[in-house]
Amino acid sequence: MSIPPFRSTFLAVALATLFCGCSKDPESSSGESSTYRLPDSVPESESVGSPGFDEIRASEFADYEDFDAILALPATFTRKEAFYRLLGRADKEELEAFLERVSSLSDSSQRTQLRVLALERYAEVDPRAALSWARSMSGQEEGYYLAQKVASAWAAYGPKQATEYVTSLPDDDFKRDLMYPLFESWSLSSPQEALSAALAMANGQGREGVMHQVLSQLARIDPRAALSYATDRLSGQQRDNITNTVLNEWARSDPSAAASYLASIDDPQARLKHFDSVFYPLARSNPREAFLWAKKVGIGESQTRAMATAVENLARTDVRGAIEMAASMPDSAAQARAMSGIAESWGRTDPQAAAAWIENSLSGQTKSQALNRLVSSWSRNNLSQASEYVEQMPAGQARNDLINNVLYTYVERNPMGALDWVDQVALGDHRESLLGLAFEAAFRKDPASIAGYADQLMESDPSPGLASRIASSMAERNIADALVWAESLSSEDQRASALQVVNRHWASVDVSAATEYWQELPPSEVKDQLFWSLLDHQSKQDIDATLDWIVTLEEPERFRHAIDRVSTEWARRDPLSAANYVAGIPDPDLREAAQQNVARTWSSQDPLAAAAWVETLPESSIKQTIVKTVVSNWMDHDDLSAEVWLNMLPPGPSRDSGLADFASRLGRSDPSAALKHASSIGDADMRYSASFTAAARLMESDPDLMRQGIRESSLNQAEKNRLLSDLGLQN
């Protein structure tokens, strides 16, 4: 007979009390109330040292009215025991009163814990009512959690009834969330019955997730039966997913049997789908067998990766055997990966021997990869030895890479020590880069301690590049501190480099404050750099405010460049608004430049919409230029659409300008077609110039085709004769 969960938990508490030598009878033979003693398993924090723990009497917990007294007990275990005793005798009305009382608690964690206790008992008294109570909170995350607890408790002693009831509920998230704990509990007691019920479920009711749970449990008892269900009754991705789950569960308990099963499958693609599910448990238990199995069953990259993993696992217990195994791998890249794994594993136990092996036995990229893995492992286990090892290496990129590996571990353990170490190591040309890297990593770890180190670093390496890296790290944490530090630098180059970085960051996080600062700066390169940073960031956030700002600029050249930059950025987000704004700029040169920027940006994103805008412009020289811009960008994506649009334009200078540009670009790939389009240009001079260019290109590849193209073109006879003559050909 199965025991309901609340009863079983209550029984466990009672047994723990009994075997501690405590009486369950509230009245002892002496007539005195018995006391509860602390079980050995209670955490140290709840030991007898808790005030009054040994004086708590069972008789004090007999009535519901003692809720507050129980809640005030100092030890968690004692409180829980007392609530179990209280709730174990509660009926439906008392449980509902208890839940109502719990709802008034301010501590959310305590409130949830007591609700779980009460609902587990409620699930025995009236599980449908318990679920209904939890569902009344379904708008809250806690409601779903409590309902799952009820479903799990109900399924422990009445899985069929619980499943029938939950299945009858409306098909929604609440129902699907209940299915998982319900079937999880059911599959623990009777996986075959749970499987039959899961198979009877309709798709879309959480069936796949339930099948995962049930078949995973069944795989521990009868993996072949679980696989048979998956392969015979399921299909597609659902079958593959569940087969992976079952095979992985099987491989954990009997990896050799699971590996033999998968190897017996004839379809190599099917084996590949489930390869990882079996391989990794096998590699943990028997790396030699896993290596041979991967060599036999694996395909391509999965095989290479698996064999290298098996070698790395073997290296933890048998380094020499792992080296021999790696040497037997046919692919050099796979060997390199395996050797790196050996280096890392060996580095945990004897890094100096591993280093000697790498130096004497490996070369090239394989050696480099193995050294990096070794040093990473070595520095985690013995930082001082790893540091000494990389220091004595010859200068070069390989040494710098290893210093980086040690540095990250050093920073985690001792940020200031990491900076001191890098500062003292001979770094050559890479000093600035590695010092900057060390400062950045250390500053993120311990900014308060590291900030004062910045000046010392600048004295040892006064390069502007290091100043900018230090300033960047400081600015990410505190703009004001970074600004003060940057302005304090004595070297003009250092100061300018650091301020540029700080100002760029400031402009990205607080445009308003950075703008006020910019206004107070005297003319300088730093002020110019900050201006452009401000302009870029503000135009992305508030285009109206940006326009209001730049119209106040007194320098005409700065205003011109600002409009140019803003119009480009604005056109990326709202090209029509940008086009309408720039059309109203009074200065014709500035207006045309801004319109050209809008056209260039707009046509690269949406040439059709840009073309529609161009058609609304009055005929002018700027329209001719814009037409060429649109055609050029459009042809990068769709020659045919650009051609159709050009031919639809009304005759005039803009159409001619576009056709000339179209023919010029087309002539690079198809001079014959270019000649045809050039000959349809309305302006005589432009038509002849474009036709001559296309014909000259065509003559280089096919003179006969060129003659035919000229004859069939829409040029008049005089133009054809002139063209042949200018090309040095007789008419």
Side-chain angles (χ1 to χ4, degrees), residues 504 507-508 511-512 514-515 518-519 523 527-637 641-642 645-646 649-650 652-662 664-665:
R504 187 186 307 122
S508 69
V511 169
S512 178
T515 302
W518 171 81
Q519 291 172 337
K527 182 170 185 175
D528 287 341
Q529 291 168 346
L530 177 56
F531 173 79
W532 297 117
S533 294
L534 286 169
L535 189 69
D536 288 342
H537 288 289
Q538 190 175 58
S539 63
K540 294 174 184 176
Q541 297 174 13
D542 189 341
I543 195 67
D544 291 333
T546 305
L547 294 170
D548 290 343
W549 177 41
I550 61 178
V551 296
T552 66
L553 297 174
E554 297 179 356
E555 309 98 313
E557 193 62 25
R558 185 184 296 275
F559 174 75
R560 181 181 299 277
H561 287 305
I563 285 291
D564 183 76
R565 204 147 167 171
V566 169
S567 62
T568 300
E569 174 59 35
W570 194 1
R572 291 192 182 100
R573 292 178 287 114
D574 188 356
L576 183 58
S577 296
N580 290 337
Y581 176 83
V582 299
I585 295 175
D587 185 315
D589 293 337
L590 186 57
R591 180 176 63 249
E592 291 182 5
Q595 285 180 313
Q596 177 69 352
N597 286 335
V598 171
R600 187 182 302 108
T601 303
W602 195 353
S603 60
S604 65
Q605 297 176 160
D606 187 351
L608 186 61
W613 164 66
V614 171
E615 292 177 21
T616 67
L617 299 176
E619 187 60 59
S620 63
S621 60
I622 184 57
K623 181 175 181 178
Q624 296 170 33
T625 303
I626 290 175
V627 167
K628 290 195 293 185
T629 298
V630 172
V631 168
S632 178
N633 279 337
W634 208 342
M635 288 182 71
D636 288 338
H637 308 288
S641 295
W645 177 66
L646 278 172
L649 290 176
S654 293
R655 180 177 181 273
D656 289 345
S657 178
L659 281 171
D661 191 69
F662 184 85
S664 176
R665 289 173 58 85

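Values in this document were obtained by computation on a predicted structure and should not be read as measured data. The analysis underlying the following values was restricted to heavy atoms, covering all of them including side chains, and did not include hydrogens, waters or symmetry mates.
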Nearest atoms (heavy-atom pairs only) where [X] meets [Y]:
X: S654; Y: S620; answer: OG-O, 4.4 Å
X: A578; Y: V598; answer: CB-CG2, 4.1 Å
X: I585; Y: A594; answer: CD1-CB, 4.1 Å

If you look only at pairs with a residue in residues 616-629, which of them pass as a salt bridge (charged side-chain N to carboxylate O under 4.0 Å, His left out), with sequence neighbours excluded?
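Qualifying pairs: none.
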
Sequence-distant partners of [X], side chain to side chain donor-acceptor pair (under 3.5 Å), two or more places apart:
X: N580; result: none
X: R591; result: none
X: S577; result: D574
X: D661; result: none

What pairs meet the ring pair (Phe, Tyr, Trp, His ring centres under 6.0 Å) rule with one or both residues in residues 587-630, with sequence neighbours excluded?
W602-W613

Side chain to side chain contact (heavy atoms under 4.5 Å, CB included) involving S641 - partner list, sequence neighbours excluded
W634, D638

Go through the structure and list residues passing side chain to side chain contact (heavy atoms under 4.5 Å, CB included) with N597, not counting sequence neighbours.
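If we apply the side chain to side chain contact (heavy atoms under 4.5 Å, CB included) test to N597, skipping adjacent residues, the hits are D564, S567, T568, R600.
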
Could you tell me whether the side chain of P575 reaches within less than 4.5 Å of the side chain of T601, counting heavy atoms only?
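Heavy-atom side-chain distance check fails, nothing below 4.5 Å.
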
